Amino acid sequence: MQTVLEHPLTLPVALAAVIVLLFPLVAGYVVLLERKILADFQVRLGPMRVGPHGLLQPIADAVKLIIKEDVIPAAADRPLFLAAPVISVVTALTAFAVLPFSEQLRVADVNVGLLVISAMSAVGVLGIVLGGWSANSHYALLGALRSGAQLISYEVALAFALLSGVMAAGTLSMVGIVKAQYERQIWFAFENYGLMLVPAAVYLIAAVAETNRAPFDLPEAESELVAGFHTEYSGFRWALYFLAEYANIFVVAGVMVTLFWGGWLRPFPNVPWLEFPLNYVFPFALMFASGGLCFPLARRLKSRANAIGLRVVGLALLGVGALLLIPAVNQAVIGPFWFLLKVFVVIYAFIWFRGTWPRYRYDQLMNIGWKRLIPIGMGALLVNGVVGMLRG
Amino acid sequence: MWVDTFFFYLFALVTLAGGVLTVTRRNAVHSAMSLILSLIGVAGLFLLQRAEFLFAVQIVLYVGGIMVLFLFVIMLVNLDQAARMRQFSGQWWLALACVLAVAAQIVYVLSRGSGAFRFARPEPPARGGNVELVADVLFKQYLLPFELASVLLLAAIVGSVIMARKRI
């Protein structure tokens, strides 16, 4: 037992299994988060029926999708139709392998980590293009072509933004990038007298386009293309595409956090006196406030079972907050806590974009990509290179 | 290391099977998919040689860039018509004879000269890794040819844009 636990492969394999098994649940709750936040923007309530405040909605949705009939169009290219969603999910989940949740909590630290993520997103295009083509449907084909063109266009801008970050870090390893930020004592978004904010912004915009999210969600523009490349998919295969989409959102948010926002480091990691307020008081206050808010909300619920359920959730949050005050537990989980908190801030921004901006037209999309983002990305790379060299 | 050997044969099999499927599939999209499989196999072989930079670049450029453009072109042409057309494979027996003759030559030469081969040993992982080494060689030793190649590519890009647009 001891040798198994101390084997260098134990933690990566266990973490990989946890990610693959748990991510569908996380994706479900990100969907719920998205529906709730969008509802809030539009002064609605969002899902309220299943569980207290719709908290069990993702599970109901998952059950529905799994037991739904799986329709395959008669004229579809069957093997490719079956393989396409699998390609999307496998590439999206493979990218998690190089995402460091903390210094120890990672599947692999390879010295071409960022390139592996680019490679996986490049192969992921195939899942979309093949899915759209193999369905033998006009809407799906048009959606796939749009998506492919969009992904290829924005990959260039994305690569320029990544290059600026890599240049500041001097390494392609994801763990190395975060360590470089610890040594330079600054998040790379604010490196070079704030000039790195430009590539960070370019990255955020290109990442929204890479994940086919609003306002760049032309591949699945409902008013024009029904549902874009996955028009003909139903049930579980459709769910796979959505799993891949949310996995991609998580990965681009994780790359953004790792490259520009200091990964698992707390804000001001080099200021020792901030450790207690930021690492102990802040997480506890966060959990305490969200747990405490559950109780007044529970009193207003009509169903008795729902009210009890919400109180249990509140108690669980308070318990997690109390656990975070124990130094040993805190040491172990504070890295992933900061990483996930930042990732969810980015995801919140993605949802916010969706709720705020109307969809771009196709020519506008291409103009932004080729005539704005790519020149800005190139300029930022050049300026940051010169400034970085001058600073030594 | 039997793991290395196993993965070598696995990737070699994927590469060869992909190549054979590429030329035997009738459906052009299936051919393109087989070619992708073959390219991924080559990427795996790069990884076994500890050339992780080449592995990533192979996938990003070939699978993600070139093959997606291939697929675009294939999807936009009329596939059914192309599949129904007569295939230029009437002289397959002549082609087979040529292939067998070349194969016999290669086998003969290899078996005669096998003593002259020396297999390079994989070097221990160098300082910094593959990316830094490639960059060193590219930007110090071969800087001029590298920059010349980039000028050539730029000329090709500009030329294709001029040929594609009727009015500049």
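Throughout, protein chains are lettered first and strands after them, A, B, ... in sequence-line order, and every chain is numbered starting at 1. Keep in mind that what you see is a predicted model, and the values were worked out from it rather than measured. FYI, side chains are in, hydrogens and waters are out, and symmetry mates aren't considered; it's all heavy atoms of this structure.
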**Fill in**
The interface call for B/I40 against chain A, heavy-atom contacts under 4.5 Å, is neither

**Complete:** Highest number of heavy-atom pairs under 4.5 Å with chain B among A/L115, A/L172, A/L141, A/V110 belongs to A/L115

**Asked** Non-hydrogen atoms of chain A under 4.5 Å away: do they reach the side chain of B/M67, the backbone, both or neither?
**Response** neither

**Asked** What is the minimum heavy-atom distance between A/G254 and A/L99, and which atoms define it?
**Response** C-CD1, 4.1 Å

**Asked** Checking A/L80 against chain B: side chain, backbone, both or neither under 4.5 Å from a heavy atom?
**Response** side chain

**Message:** Counting neighbours of CE on A/M378 that are heavy atoms of other residues, nucleotides or ligands and sit closer than 6.0 Å, is the number greater than 12?
**Reply:** no

**Message:** Quick check on A/V125 against chain B: is it the side chain, the backbone, both or neither that has a heavy atom closer than 4.5 Å?
**Reply:** side chain

**Asked** By a 4.5 Å heavy-atom criterion (distance strictly below it), what part of A/I87 contacts chain B: side chain, backbone, both, or neither?
**Response** side chain

**Asked** Just by distance, with hydrogens left out, do B/E52 and A/N111 show a side-chain donor and acceptor under 3.5 Å apart?
**Response** yes

**All side chain to side chain donor-acceptor pair (under 3.5 Å) counterparts of A/S118, not counting sequence neighbours** = none

**Message:** Using heavy-atom distances under 4.5 Å, tell me whether A/L151 contacts chain B through its side chain, its backbone, both, or neither.
**Reply:** neither

**Request:** May I ask you to check whether A/Y241 and A/R237 show a side-chain donor-acceptor distance below 3.5 Å?
**Result:** no

**Request:** Go through the steps for A/D77 and B/H30 under the test side chain to side chain contact (heavy atoms under 4.5 Å, CB included), then give the verdict.
**Result:** CA-CA 10 Å; A/D77 189 317; B/H30 290 181; 2.8 Å; yes

